[in-house]
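Notes follow once the structure below has been shown.
First listed ligand is number 1; within each ligand, the first listed atom is number 1. Numbers here simply count residues along the sequence, with the first being 1.
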Amino acid sequence: MTTQSPMRMFLRTFNDERGSLTALEPRDGVLDFEIRRIYYLHGITEGQTRGAHAHRELEQLIIAVHGRFELLLDNGTHQELFILDRPDEGLRIPRLHWRELRSFSEGAVALVLASQAYDESDYIRDYNEFLEVTSA
Ligand code: TYD
């Protein structure tokens, strides 16, 4: 089964002596999906892993707006580990990628821009089912 690849995206950022401002809007052409939901992970306690699921259709851009964490992506045949620690960079996650977020630094915040509203039926939470779906 063919899916897109994960991709790091640089976000338009204005830096001056006061600090930085990062902006994202449709005309930038950074995202090839419409944002229909925003959520963020914060207050993650030490040693916790988040995610551990895949999505059938959902696409996402994940940004470490504060701190650092690791994001393991698995498309059913290959795994890739990304370190996210830059508020001016997002990681574009295509559909059908198993993801695990871990090793959060204290106070880290993971902002997620998503292509669809929350829908539990879009989740694949069983890794063996994920492998079946991606090998079909
Ligand atoms: P969960 O899927 O366990 O989060 P993660 O994948 O980051 O570990 O979601 C935690 C709870 O939040 C769960 O009860 C579902 C709920 N939730 C929403 O209501 N809306 C959302 O957009 C998301 C992502 C989760």
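Within the structure, ligand 1 lacks E100 among the residues with a heavy atom less than 4.0 angstrom away.
In this structure, atom 22 (O) of ligand 1 is in close contact with the protein, since a protein heavy atom lies within 4.0 Å of it. For atom 12 (O) of ligand 1, no protein heavy-atom neighbour is found at a distance under 4.0 Å.
Partners of Y127 under the ring pair (Phe, Tyr, Trp, His ring centres under 6.0 Å) rule, at least two apart in sequence or in another chain, are W98, F130.
One hydrophobic cluster holds both L84 and L73 under the rule that ILVMFWY side chains link at heavy-atom gaps under 4.5 Å. Transitive grouping of hydrophobic side chains (ILVMFWY, heavy atoms separated by less than 4.5 Å) brings M7 and F33 into a common cluster.
Taking every non-hydrogen atom of R37 and a distance limit under 4.0 Å, the qualifying atoms of ligand 1 come out as 21 (C), 22 (O), 23 (C), 24 (C). In summary, the atoms of ligand 1 found under 4.0 Å from a heavy atom of L41, numbered by their order in the structure, are 7 (O).
Which of Y118, Y40, Y39 comes nearest to atom 18 (C) of ligand 1 through a heavy atom is settled by distance: it is Y118. Nearest to atom 1 (P) of ligand 1 by heavy atom, out of R50, Q116, R99, Q60, is R50. Taking each of R125, H53, E120 in turn, the one with a heavy atom nearest to atom 2 (O) of ligand 1 proves to be R125.
Around the CZ atom of R125, the shell of radius 6.0 Å holds more than 12 heavy atoms that belong to other residues, nucleotides or ligands.
In this structure, L101 and A110 approach most closely via the heavy-atom pair CD2-CB, 4.4 Å.
The stretch residues 58-77 participates, sequence neighbours left out, in these ring-ring contact (aromatic ring centres under 6.0 Å, His included) pairs: F69-F104.
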